[in-house]
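To start, the structure itself, in structure tokens.
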Amino acid sequence: MTVLAYTDGAARGNPGEGGIGVIIRAEDGGVLYSFGGYIGTTTNNVAEYRALLHCLKQASGLSCTRMIVHSDSQLMVRQILGQYRVKDKKLAPLYLEAVRLLKASPFNVQIVHIDRELNHEADVLANAGIDGRIPCPA
């Protein structure tokens, strides 16, 4: 079974109040997991990575053979795919943790860039996390 995940990080101001949004769906479209959380003052790029890390940690217990993670962060996707180097010292440990989780995943994980308009649900969750100050686990 393939699951589809959508992740988004938001920062109101850059840096500013930050949040993450993650939604994981089964092949039939049913929601397996949905979360919007607050991560404090951060940059947009850090928030994008935090959303990906949250997604990968939550997905680790799923019974699937493949997961496709969709993100509208071109920078993060290209860094994970090895097309861009990670130059920002704040992003480097997040990148390394993402790579570790991807390698440790019991199933195949593909990460793809999508247009922002196609990531509306994860964006709504990220902004709801900021608005509601819903704490996000580290």
Side-chain angles (χ1 to χ4, degrees):
M1 170 176 79
T2 298
V3 297
L4 304 175
Y6 295 83
T7 68
D8 196 29
R12 293 188 185 150
N14 202 17
E17 298 296 302
I20 65 166
V22 175
I23 187 163
I24 302 174
R25 293 186 174 278
E27 285 178 301
D28 66 5
V31 175
L32 300 173
Y33 180 79
S34 178
F35 178 77
Y38 178 70
I39 58 173
T41 302
T42 191
T43 65
N44 190 61
N45 289 331
V46 167
E48 294 284 2
Y49 266 100
R50 293 275 309 268
L52 174 63
L53 292 172
H54 186 84
C55 176
L56 294 173
K57 289 173 184 175
Q58 293 303 312
S60 66
L62 293 175
S63 296
C64 64
T65 56
R66 182 174 181 229
M67 180 170 74
I68 303 172
V69 179
H70 302 82
S71 171
D72 60 22
S73 171
Q74 187 176 70
L75 175 76
M76 182 188 69
V77 170
R78 289 191 176 182
Q79 286 176 336
I80 294 293
L81 296 177
Q83 297 169 345
Y84 287 176
R85 288 186 328 202
V86 180
K87 298 177 185 177
D88 187 323
K89 291 178 182 173
K90 292 180 183 174
L91 296 183
L94 300 170
Y95 165 81
L96 291 172
E97 177 69 3
V99 169
R100 184 190 71 73
L101 290 170
L102 288 165
K103 287 181 180 178
S105 175
F107 45 82
N108 177 274
V109 181
Q110 179 183 0
I111 299 182
V112 297
H113 177 258
I114 59 172
D115 290 335
R116 183 181 167 108
E117 297 79 33
L118 300 175
N119 207 24
H120 178 72
E121 287 180 291
D123 178 68
V124 167
L125 289 168
N127 281 289
I130 296 170
D131 293 339
R133 300 290 193 269
I134 303 160
C136 180

Item to complete: Check whether any side-chain heavy atom of Leu125 lies under 4.5 Å from a side-chain heavy atom of Ser34, and answer yes or no.
Response: yes
Fill in: Separation between NE2 of His113 and CZ of Arg78, rounded to the nearest 0.5 Å
7.5 Å
Practice prompt. Working to the nearest 0.5 Å, report the span between CG of Leu52 and CZ of Arg50.
Written response: 12.0 Å
Practice prompt. Let me see the working for Asp72 and Glu48 under side-chain contact (heavy atoms from CB on, under 4.5 Å), right down to the final yes or no.
Written response: CA-CA 9 Å; Asp72 60 22; Glu48 294 284 2; 3.4 Å; yes
Fill in: Interatomic spacing from CD1 in Ile24 to SG in Cys55 - rounded to 0.5 Å
4.5 Å
Practice prompt. Return yes if some donor-acceptor pair links the side-chain N/O of Thr65 with the main-chain N/O of Met1 below 3.5 Å, else return no.
Written response: yes
Worksheet entry | Hydrophobic cluster membership, Val69 vs Val124, 4.5 Å side-chain cutoff | no
Worksheet entry | For Val3 against Ala26, the heavy-atom pair lying closest together | CG1-CA, 4.4 Å
Item to complete: Calculate, to the nearest 0.5 Å, the distance between atoms CZ and CD belonging to Arg116 and Gln74 respectively.
Response: 14.0 Å
Worksheet entry | Contact summary for Asp28 and Gly30, nearest pair of heavy atoms | OD1-N, 2.9 Å
Fill in: Steps toward side-chain contact (heavy atoms from CB on, under 4.5 Å) verdict (Leu101, Lys57)
CA-CA 8 Å; Leu101 290 170; Lys57 289 173 184 175; 4.0 Å; yes
Item to complete: Would you sort out whether Phe35 and Ile20 count as a side-chain contact (heavy atoms from CB on, under 4.5 Å), showing the intermediate values?
Response: CA-CA 8 Å; Phe35 178 77; Ile20 65 166; 4.2 Å; yes
Worksheet item: What heavy-atom pair brings Ile80 and Ile111 nearest, and what distance separates the two atoms?
Response: CG2-CD1, 3.6 Å
Worksheet entry | Co-membership, hydrophobic cluster, residues Leu53 and Leu81, 4.5 Å side-chain | yes
Worksheet item: Does Thr7 offer a backbone N or O that forms a donor-acceptor pair with the side chain of Asn119 under 3.5 Å?
Response: yes
Worksheet entry | Distance, nearest 0.5 Å, that separates CZ of Arg25 from OG1 of Thr2 | 15.5 Å
Worksheet item: Hey, any chance Leu102 and Tyr33 share a hydrophobic cluster, counting ILVMFWY side chains that come within less than 4.5 Å of each other, even indirectly?
Response: yes
Worksheet item: Taking side chain as C-beta onward, heavy atoms only, is Ile23 less than 4.5 Å from Val31?
Response: yes
Worksheet item: So which heavy atom on Gly18 is nearest to which on Thr42, and how close?
Response: CA-CG2, 3.9 Å
Fill in: Considering all heavy atoms, the nearest Ala51-Gly9 contact
CB-N, 4.2 Å
Worksheet item: Looking at Thr41, Asn44, Asp131, which hits side chain to side chain donor-acceptor pair (under 3.5 Å) with Arg12?
Response: Asp131
Response to the item:
Distance col, row Tyr84:OH vs Gln79:CD, nearest 0.5 angstrom, shows 9.0 Å
Item to complete: Show your working on side-chain contact (heavy atoms from CB on, under 4.5 Å) between Gln58 and Val22 and close with a plain yes or no.
Response: CA-CA 9 Å; Gln58 293 303 312; Val22 175; 5.9 Å; no
Response to the item:
In terms of heavy-atom contacts, Gly19 and Ala47 come closest through O-CB, 3.9 Å
Discussion item. Assigning hydrophobic clusters by single linkage (Ile, Leu, Val, Met, Phe, Trp, Tyr; side-chain heavy-atom cutoff under 4.5 Å), is Val112 placed with Phe107?
Written reply: no
Practice prompt. For the pair Tyr95 and Tyr49, name the ring-plane relationship: parallel under 30°, tilted 30 to 60°, perpendicular over 60°.
Written response: perpendicular
Discussion item. Donor-acceptor pair, distance only, cut-off 3.5 Å: does the side chain of Asp88 make one with the backbone of Lys90?
Written reply: yes
Practice prompt. Find out if a path of hydrophobic residues (ILVMFWY) with successive side-chain heavy-atom gaps under 4.5 Å connects Ile39 to Leu75.
Written response: yes
Worksheet entry | pair Leu56-Met67: side-chain heavy atoms closer than 4.5 Å | yes
